[in-house]
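Proteins get letters first, then strands, A, B, ... in listed order; numbering begins at 1 in each.
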Protein chains: 2
Amino acid sequence: MFGKGKEWTGVDELDSAILRELQADARLTNRELAARLGLAPSSCLVRTRALRERGVLTGFHGQVDLAKIGRSVQALIAFTVRPLSRDVIRGFQTFALQQPEVIAVFVLGGSDDFLVHVAVPTISDMHAMLVDRFSKRREVVGFRTSIVYEHVRQLSIDPAPAD
Amino acid sequence: MFGKGKEWTGVDELDSAILRELQADARLTNRELAARLGLAPSSCLVRTRALRERGVLTGFHGQVDLAKIGRSVQALIAFTVRPLSRDVIRGFQTFALQQPEVIAVFVLGGSDDFLVHVAVPTISDMHAMLVDRFSKRREVVGFRTSIVYEHVRQLSIDPAPAD
DNA sequence: ATTGAAACGAACGATGG
DNA sequence: CCATCGTTCGTTTCAAT
């Protein structure tokens, strides 16, 4: 009927514009945002708040340059874990997120079970992390490491076009 | 000598705390941030500005719930491209980032050359994107798609501990 | 839904401790 | 680094449309 699944929440052109601007710069003042949309600050505030309350906007986060905080080496590590039960998945995920080197964890379907994005000062820190902590976990039956030379994110993700 | 490579920029405990708070909530007011650190607002402002000017803090970004903007299906796609020249790498990366489904691109070393994170409304949109656009590129010699069931990011990344 | 006006709070530069 | 003042600017509420 709507073609977007049950999570679809009406987001009109104005909402989209708000999302676009705030994804690009979370510190835009409400006045400036309103001015860019040709809206009164009060109306703009109502819409932005509604987007947060509906859970469309989930948060605002500062970004740091990893190299400048002493984490120049990035990698993606694909893990296979066994047995593939809910408990094991949850346990590994929790463990991974507790490691200070870990930036993000993807839970996957396909040939690998997890992809873990890490940032460390040097290659030997990565080796130490893998052999001393990750491969000591009993559920880990294998992993493959790929160095990340570059990581670029989209400045802003648009809502999917209406069908 | 310093063990952190040439990008190392002195970040003390107070700076770390600022980075931690602003990664978790980019919209903290300077006053509130200062209060949490037990610092005067004026001093806090000086430090936060310095972190931006030194490029340690690179930006502030709003986050959206992908499902709520009609992009419920996420995947990671590993691409192999040939020949592996600078121009080809740059060209593919630029192309990928222009696709509205693409959230992020990783340039890799190892068995795959790129990892592309995408979010689409449905599986058939993903299929269409791959066959109609990505696999038409001459440099693409192969790819593997893994579904993303979950994607969790660390709330805050700490500076690497001093050696 | 959107608005304007008014009250409140925050940012910021300057000064001096 | 802290404190305070003063100006400017932003936020938020609310009655009205």
Side-chain angles (χ1 to χ4, degrees), chain A residues 2 4 6-65 68-70 155-156 158-163, chain B residues 8-65 68-70 155-156 158-159 161-162:
Chain A
F2 295 102
K4 289 287 164 41
K6 50 183 169 313
E7 297 292 2
W8 176 252
T9 60
V11 176
D12 65 15
E13 281 304 314
L14 237 34
D15 289 331
S16 276
I18 291 173
L19 294 176
R20 180 160 25 75
E21 299 292 338
L22 289 180
Q23 282 181 85
D25 180 3
R27 302 208 86 170
L28 266 185
T29 65
N30 182 56
R31 288 179 91 86
E32 174 62 21
L33 178 57
R36 291 190 192 179
L37 309 192
L39 213 60
S42 45
S43 327
C44 188
L45 188 61
V46 168
R47 291 183 89 108
T48 305
R49 265 211 288 249
L51 287 168
R52 296 210 64 181
E53 272 155 20
R54 281 191 279 159
V56 182
L57 264 168
T58 58
F60 300 97
H61 304 286
Q63 257 200 197
V64 302
D65 181 326
K68 295 215 169 131
I69 58 169
L155 335 87
S156 181
D158 288 325
D163 337 13
Chain B
W8 176 253
T9 60
V11 176
D12 65 14
E13 280 305 315
L14 237 34
D15 289 331
S16 278
I18 292 173
L19 294 177
R20 180 160 27 75
E21 298 293 335
L22 290 180
Q23 282 181 85
D25 181 3
R27 302 206 89 173
L28 271 183
T29 65
N30 181 56
R31 294 173 94 84
E32 174 62 20
L33 178 56
R36 291 190 191 180
L37 309 194
L39 212 61
S42 46
S43 325
C44 188
L45 189 60
V46 168
R47 276 176 175 266
T48 306
R49 266 211 287 251
L51 287 168
R52 296 210 64 181
E53 273 156 20
R54 281 191 278 158
V56 181
L57 265 170
T58 57
F60 301 96
H61 303 285
Q63 258 199 197
V64 303
D65 181 325
K68 297 217 167 128
I69 57 169
L155 336 88
S156 180
D158 288 325

(message) For nucleotides 2-17 of chain D, give me one character per nucleotide, 5' to 3': B if any protein heavy atom sits under 4.0 Å from the base, S if the only such contacts are to the sugar-phosphate, - if neither.
(response) BB------BBBB----

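Spacing between atom CG of A:L14 and atom P of C:dA1 amounts to 12 Å, rounded to whole angstrom units. Look at CG on B:D15: it is 13 Å from C1' on D:dC1, rounded to the nearest Å. As rounded to whole Å, 14 Å separates atom C1' of C:dA1 from atom CG of A:L37.
A heavy-atom distance below 4.5 Å is found between the side chains of B:E21 and B:R36. Residues A:E32 and A:D25 have side chains not in contact (no heavy-atom distance under 4.5 Å, counting atoms from C-beta outward). Inter-residue side-chain proximity for B:L37 and B:R20 is flagged as unmet; no heavy-atom pair is nearer than 4.5 Å. Between B:R49 and B:N30, the closest side-chain pair of non-hydrogen atoms is not below 4.5 Å.
In this structure, the separation between CD1 on B:I69 and CG on A:D15 is 12.0 Å, given to the nearest 0.5 Å.
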